[in-house]
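The structure appears below as structure tokens.
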Amino acid sequence: MQSNILCQCITKTNDVLLQTYCLPLCSIMSDSSEKKYFDFSVLRRVFSFVKPYRWRFIISIILAVVLAVFTPVRPFLIQLTVDKATGKNLPQWFINFFSPHLDLSNAWQFIIDVTIFQIIFIFIETAARFYFSFITSWLGQTVVRDMRTAVYKKILGLNLKQFDTTPIGTLTTRTINDIESINDIFSDGLVPIFADLLSIIVVLVVMFITDWRLTLIALIPFPLLILATYYFKESVNKSFIQVRNAVAALNAFIQERITGMQIVQAFAAEDREMNKFKKINKHHRNANIRSIFAYSVFFPIVEIVLAVSTGLLVWYLAGKAASNPISNENLAGELVAFILYLNQIFRPLRVIADKFNVIQMGVIAAERVFKIIDNPDALPPSPADAHAPTERLEGKVEFDHVWFAYNEENYVLKEISFKVKAGETVAIVGHTGSGKTSIISVLNRLYQIKKGEIKLDDVNIEAYNLDTLRRNIAVVLQDVFLFSGSVMDNITLHDSDIKKEEVVQAAKLIGVHDFIMQLPGNYDYNVMERGNTLSLGQRQLISFIRAILSDPAVLILDEATSSIDSESELLIQKAIDTLITGRTAIVIAHRLSTIRKADKIIVLDKGEIKEVGTHEELLALNGFYAKLHSMQFEKANAVIV
């Protein structure tokens, strides 16, 4: 509990170094505190994803039963063959089963018939085992696909608050690695364990029917095997958890260092980072070695127990034959069959403990996955009767006594009330942390307000169909995010309804077409991850095309020109003028020179509205806005020596 609180505090802090060095530790602490017992309720929920494929699951169970019945057949046939070859008399029904017209004295013909039957039987058994293995793996992969789809759909609907407090690596691990572990429940876990246990039971029943005394003699070392299996299971379970945590720490460390490689190299921190990596990598190696050690001890123990059981068989039958050579002269077939039976018991026992660990790890992974699926902090689906006008909205915006907090205690917006007429341009200014970005975040329902009401065209935004609401509000952020792919893909976001001609027309409208045509491959140019092959200004221009194509009623520009050079700013300013024409615009900017043309300027300070008016009116008040303007004017004219 304390580790969870610590990790939440680290995640919320703005200290990049603290996050960089401590989040991997948080991952280890949170993962190592996972439950280590078997949770059947989670397992039942996993199997709820099998319902659409219940017939394939039933077939896999039937095949498990069939294969269990098949297991002792071949040793039994070998016993019959050896007995017949050594001259032992067999019941007439055995002979008639393989060759109804065979003379009892013709042992050679009997052996040939049994051998032919075994060959046919092997092909049948192999086909059954193949289909059993295939269908269990198919079930696992299908469930993985459905669960991954459900998780990703849930992630798409989570409130942004979840992404503020949850490391990206955690959600990635849940969506990829943990769900992949659930596949093992089907392919290497529950159904295969059921098949193995059933096979062991069937073989033991056949052994007891054949000779219950000999069976008990052979099972004398079994308690040692059961004890070794239990300790092996516990040891491997602990080592698996350590390996999983070590992998998580490695992933987090490498991801963060590669992402922040510019900082690492700029501050000559390569050697220090290498030493830290060596420590984490060593921990990962040691965890794997502990797992390997458990396997290295367990498998020889299994072989020793098997050897002891085989020795006891030979000792008992040899003593039996020696005590009464006449009546016990043909025990060879029984000896061979029991040795084969023991191998059929010990073979699944070698891996059954490992498979139990696989199930347990799968259940733990499933529990983590279900925590995401059950996360209540998500916007519910829009009801069927939600407000969804087909025509473009006018763009009238009204905030009515709005209160908002990212947590329950600290409000970042307090009693916010203002109106924006359709087609009007409103600028919002204030110091960093004053609540400017929070206003636009609650307007398109990325976050849920605590109190008050927000209206768009006189309709509460919560009454709108969410897709309709967001299609009518376009946001251009300061830090433009571009996906790896072509310029065209980043503009259309893979919307097949948007034609290339429309994209080109929009690019020409805001004066960006020439810049794109200069790129290698023009609209097919690959911008790479996060658009790193483009400058900040170029990324900003692409985001403008993305915004204008949606033809929004409300356009929000969040610090759109705060971190770019003057030349790019001129081009972007022209694009902004084109964008805001004929639609409501809410502009957030640190550079006050970019908002002088606004119809209204709202000044925020510590989440409260301090002043409202035009540029000239606010300067005349000589208040907050005037101080901001004076500070920027003096800074712009300061001489740096």
Side-chain angles (χ1 to χ4, degrees), residues 36-38 64-65 67-76 78-79 129 184-185 187-241 243 288-320 331 334-363:
K36 297 184 181 180
Y37 58 82
F38 201 80
V65 175
L67 289 172
V69 175
F70 280 0
T71 302
V73 172
R74 278 188 288 161
F76 179 68
I78 293 173
Q79 178 183 354
R129 290 193 182 279
D184 296 334
I185 294 178
S187 59
D188 296 319
L190 196 64
V191 180
I193 284 179
F194 171 74
D196 289 342
L197 291 176
L198 201 58
S199 297
I200 292 172
I201 293 172
V202 171
V203 171
L204 286 173
V205 169
V206 172
M207 289 174 67
F208 273 102
I209 292 174
T210 304
D211 190 333
W212 65 271
R213 293 184 182 86
L214 185 59
T215 302
L216 291 177
I217 293 295
L219 295 180
I220 287 176
F222 245 57
L224 175 62
L225 179 62
I226 294 173
L227 189 64
T229 301
Y230 172 77
Y231 281 107
F232 168 75
K233 174 183 174 298
E234 292 300 310
S235 177
V236 171
N237 184 33
K238 292 177 182 178
S239 62
F240 274 2
I241 292 176
V243 169
N288 275 289
I289 288 177
R290 283 189 287 270
S291 174
I292 294 170
F293 179 79
Y295 281 95
S296 301
V297 172
F298 178 70
F299 287 139
I301 290 177
V302 175
E303 295 299 326
I304 291 172
V305 173
L306 175 60
V308 172
S309 295
T310 304
L312 290 173
L313 283 176
V314 175
W315 169 78
Y316 178 77
L317 289 178
K320 186 177 180 181
L331 297 174
E334 189 173 354
L335 176 61
V336 171
F338 266 70
I339 291 175
L340 294 175
Y341 288 145
L342 284 177
N343 276 280
Q344 289 182 328
I345 292 175
F346 280 81
R347 183 180 62 195
L349 283 176
R350 288 187 184 100
V351 296
I352 202 165
D354 201 15
K355 289 181 178 179
F356 271 116
N357 282 322
V358 166
I359 294 180
Q360 191 158 324
M361 292 298 100
V363 169

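Atoms OG1 and CG, from T215 and L313 in turn, are 8.5 Å apart once rounded to the nearest 0.5 Å. To the nearest 0.5 Å, atoms CD1 (I217) and CH2 (W315) are separated by 6.0 Å. Interatomic distance, T310 OG1 to F346 CZ, rounded to the nearest 0.5 Å: 7.5 Å. A distance of 15.5 Å separates CH2 of W212 from CG of L204, quoted to the nearest 0.5 Å. In this structure, the separation between CG on L219 and OG on S309 is 7.0 Å, given to the nearest 0.5 Å. In this structure, CD1 in I301 is found 13.5 Å from CG in L306, a value given to the nearest 0.5 Å.
Of all heavy-atom pairs between L198 and A64, the closest is CD2-O, 4.1 Å. Here the shortest heavy-atom pairing between A68 and V202 reads O-CG1, 3.4 Å. Nearest heavy-atom pair across Q344 and T71 is NE2-O, 2.7 Å. Closest heavy-atom contact between F232 and A294: CD1-O, 3.6 Å. Considering every non-hydrogen atom in both L349 and F298, the closest pair reads O-CZ, 3.9 Å. Scanning both residues, I185 and V363, for their nearest heavy atoms gives CD1-N, 4.0 Å.
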Going through the distances and angles, do T210 and F76 end up as a side chain to side chain contact (heavy atoms under 4.5 Å, CB included)?
CA-CA 10 Å; T210 304; F76 179 68; 5.7 Å; no

Run F338 and L317 through side chain to side chain contact (heavy atoms under 4.5 Å, CB included) and show every step you take.
CA-CA 11 Å; F338 266 70; L317 289 178; over 6 Å; no

Hey, mind stepping through L340 and R74 against side chain to side chain contact (heavy atoms under 4.5 Å, CB included) and telling me if it holds?
CA-CA 9 Å; L340 294 175; R74 278 188 288 161; over 6 Å; no

Determine, step by step, whether M207 and L342 satisfy the side chain to side chain contact (heavy atoms under 4.5 Å, CB included) criterion, reporting the C-alpha distance in whole Å, the side-chain angles of both residues, the deciding distance to 0.1 Å, and the verdict.
CA-CA 9 Å; M207 289 174 67; L342 284 177; 4.3 Å; yes

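Within a 6.0 Å sphere centred on CZ of F208, heavy atoms belonging to other residues, nucleotides or ligands number more than 12. For Y230, the OH atom is loosely surrounded, since the number of other residues' heavy atoms within 6.0 Å does not exceed 12.
For I304, the side chain to side chain contact (heavy atoms under 4.5 Å, CB included) partners two or more places apart in sequence, or in a different chain, are V308.
For the pair V297/Y231, no side-chain contact is recorded, criterion being any heavy-atom separation below 4.5 Å from C-beta on. Under the 4.5 Å side-chain criterion, counting only non-hydrogen atoms from C-beta, L312 is in contact with P221.
One N or O on the side chain of S296 and one on the backbone of I292 form a donor-acceptor pair closer than 3.5 Å.
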